[in-house]
Amino acid sequence: MQPLTPDMLLKRVVRSAAKAAGIEKRIGWHTFRHSLATNLRWLGVDVKIAQELLRHANGRITLDIYTQTVSSEKALANGLATDHLLAQTFSTLPAPPGDAEKTLSY
């Protein structure tokens with residue numbers, strides 16, 4: 001059995017879960033960076049901290065490129081979609097070897 005690479009994980013787990021959730025947009029690792037930046041802004045995290053977490057050269061990049069305007073309705077919908085996506089993904093993962101009687105709960 002070969003090791004699971006990030007690209008394999010993206011194709012087998014992330015994209016298949018997105019498809020199962022009805023998400024048509026192509027999902028990549030960069031999608032998560034944009035989501036993180038937007039969620040940090042919505043949570044009121046200082047732009048300097050977000051810049052450092054995302055390792056941007058300056059705060060202007062973080063504000064202009066990586067974040068979107070976030071209304072409370074948009075944030076709620078995003079949270080519901082994320083919860084659904086995670087529930088679908090983790091409910092289909094097999095139990096770790098030797099733990100067949102245990103179930104995953106997140």
Side-chain angles (χ1 to χ4, degrees):
M1 187 164 125
Q2 69 187 66
L4 189 62
T5 66
D7 285 340
M8 291 168 65
L9 179 67
L10 183 67
K11 289 177 187 173
R12 292 182 185 173
V13 178
V14 176
R15 288 187 180 149
S16 62
K19 185 177 180 180
I23 298 171
E24 300 291 327
K25 182 179 177 183
R26 182 165 169 82
I27 303 289
W29 293 121
H30 214 73
T31 307
F32 292 98
R33 287 181 57 83
H34 284 274
S35 296
L36 174 61
T38 300
N39 287 328
L40 289 172
R41 182 164 180 167
W42 182 75
L43 291 169
V45 172
D46 183 77
V47 70
K48 186 70 175 166
I49 293 170
Q51 171 198 338
E52 290 178 14
L53 287 171
L54 293 163
R55 299 178 56 106
H56 289 152
N58 61 60
R60 195 47 47 210
I61 293 170
T62 306
L63 287 173
D64 291 347
I65 299 172
Y66 276 81
T67 62
Q68 302 174 18
T69 323
V70 180
S71 67
S72 58
E73 293 85 13
K74 232 177 168 179
L76 178 62
N78 184 40
L80 292 172
T82 302
D83 290 346
H84 177 73
L85 181 67
L86 291 174
Q88 294 299 316
T89 300
F90 290 117
S91 68
T92 59
L93 291 177
D99 291 339
E101 68 282 351
K102 295 181 183 177
T103 58
L104 296 174
S105 60
Y106 294 88

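Everything quoted here is computed from the prediction, not taken from an experiment.
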Distance in Å, Thr62 OG1 paired with Lys48 NZ, rounded so as to fall on 0.5 Å steps
9.0 Å
Please name the pair of heavy atoms, one in Asn58 and one in Ile61, separated by the smallest distance, quoted to 0.1 Å.
OD1-N, 3.1 Å
Which heavy atom of Ala50 sits nearest a heavy atom of Val45, and at what distance?
N-CG1, 4.2 Å
Mind jotting down which residue pairs meet the side-chain hydrogen bond (donor to acceptor under 3.5 Å, both in side chains) criterion with at least one end in residues 19-33? Sequence neighbours excluded, please.
His30-Tyr66, Arg33-His56
What's the separation between atom CG in Leu54 and atom CD1 in Ile49, rounded to the nearest 0.5 Å?
12.0 Å
Considering only distance and modelled atom types, tabulate donor-acceptor pairs under 3.5 Å from the side chains of residues 5-12, sequence neighbours left out.
from	atom 1	to	atom 2	distance (Å)
Thr5	OG1	Met8	N	3.2

side-chain contact (heavy atoms from CB on, under 4.5 Å) partners for Ser16, two or more places apart
none
